[in-house]
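This report concerns only the one structure given below.
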Amino acid sequence: MNITELLADLQAQHDKTTAWAGELPDQIEHLTATLAETEARIADLTTTRKVITELAPAPDDSEPAESPTAYQAIVNAFNQHPDQAFRARELHELLGLLTDEATVNITRSRLGRLTRQGFLTEPGRSRYQKRT
């Protein structure tokens, strides 16, 4: 490489770096604006969370997430029929509970928990039986 080529290469690098430096203030301005918007959003979310926390009922005032009597009713049904496998809907009918889809789905969830805890087995698809 001769001196002329070296100087031409240095000038090209200089021009490229100068152009890049010219773009940086615009990027800084954009990022500064985005940061301000994001910080304002965080402040809004913090305020919203505080207001909702103040307005929400105390934990003692709300209903428990899981009713222990529902689990007890399920366990009692399996204890009374230890050799019988039930589907969730059949269990609802046995217990005299509502058989709408949402309520049955809650029971399916409870049956899954009881299976994971080892109280029940699943001898067939969506069929549950007391573990012996």
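Note that these values count all heavy atoms, side chains included, but never hydrogens, waters or copies made by symmetry.
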Only counting residues at least two apart or in another chain, list the ones meeting side-chain contact (heavy atoms from CB on, under 4.5 Å) with E37.
none
Taking salt bridge (Lys or Arg N to Asp or Glu O under 4.0 Å) as the cut-off, I'd like each qualifying pair that reaches into residues 114-129, sequence neighbours left out, listed once.
E90-R127
Among pairs that include at least one residue of residues 73-88, which meet side chain to side chain donor-acceptor pair (under 3.5 Å), considering only residues two or more places apart or in two chains?
Q72-N76, N79-K130
Carefully, step by step, assess Y128 and T121 under the rule side-chain contact (heavy atoms from CB on, under 4.5 Å).
CA-CA 6 Å; Y128 300 90; T121 62; over 6 Å; no
Please find the pair of heavy atoms, one from I74 and one from L114, that lie closest to each other, and give the distance.
CG2-CD1, 3.7 Å
Rounding to 0.5 Å, atoms OG1 (T4) and CG (D9) come to a distance of 12.5 Å
Sorted by chain and residue number, the side-chain contact (heavy atoms from CB on, under 4.5 Å) partners of A77 (sequence neighbours excluded) come out as L91, L94, L95
Can you give the donor-acceptor pairs under 3.5 Å from side chains of residues 38-47 to other protein atoms, not counting sequence neighbours?
from : atom 1 : to  : atom 2 : distance (Å)
T38  : OG1    : T34 : O      : 2.8
T46  : OG1    : I42 : O      : 2.9
T47  : OG1    : A43 : O      : 3.0

Besides I3, the hydrophobic cluster formed by Ile, Leu, Val, Met, Phe, Trp and Tyr side chains linked at under 4.5 Å, directly or via other members, contains L7
To the nearest 0.5 angstrom, please state how far the CG atom of L98 sits from the OG1 atom of T103.
5.0 Å
Hydrophobic cluster (4.5 angstrom, side-chain heavy atoms) - remaining members for V51
L55
Mind checking whether L120 and L97 sit in one hydrophobic cluster, side chains of I, L, V, M, F, W, Y counted as touching below 4.5 Å?
yes
Name all pairs fulfilling the salt bridge (Lys or Arg N to Asp or Glu O under 4.0 Å) condition that reach into residues 14-32, sequence neighbours left out, sorted by first residue then second.
none
With rounding to the nearest 0.5 Å, note down the distance linking CD1 in I28 to CG in L35.
12.5 Å
Listed once per pair and sorted, the salt bridge (Lys or Arg N to Asp or Glu O under 4.0 Å) pairs that draw on residues 92-101, sequence neighbours left out:
R89-E101, E101-R108
Within the 4.5 Å heavy-atom criterion, are Q129 and F86 side-chain neighbours or not?
no
Taking only residues two or more places apart in sequence or in another chain, which ones pass ring-ring contact (aromatic ring centres under 6.0 Å, His included) with F119?
none
Is there a donor-acceptor contact under 3.5 Å linking the side chains of H92 and T107?
yes
Mind checking side-chain contact (heavy atoms from CB on, under 4.5 Å) for L10 and listing every partner two or more places apart, or none if nothing turns up?
L6
Could you work out the complete set of other residues in the hydrophobic cluster of L24, with links drawn between I, L, V, M, F, W and Y side chains under 4.5 Å apart?
W20
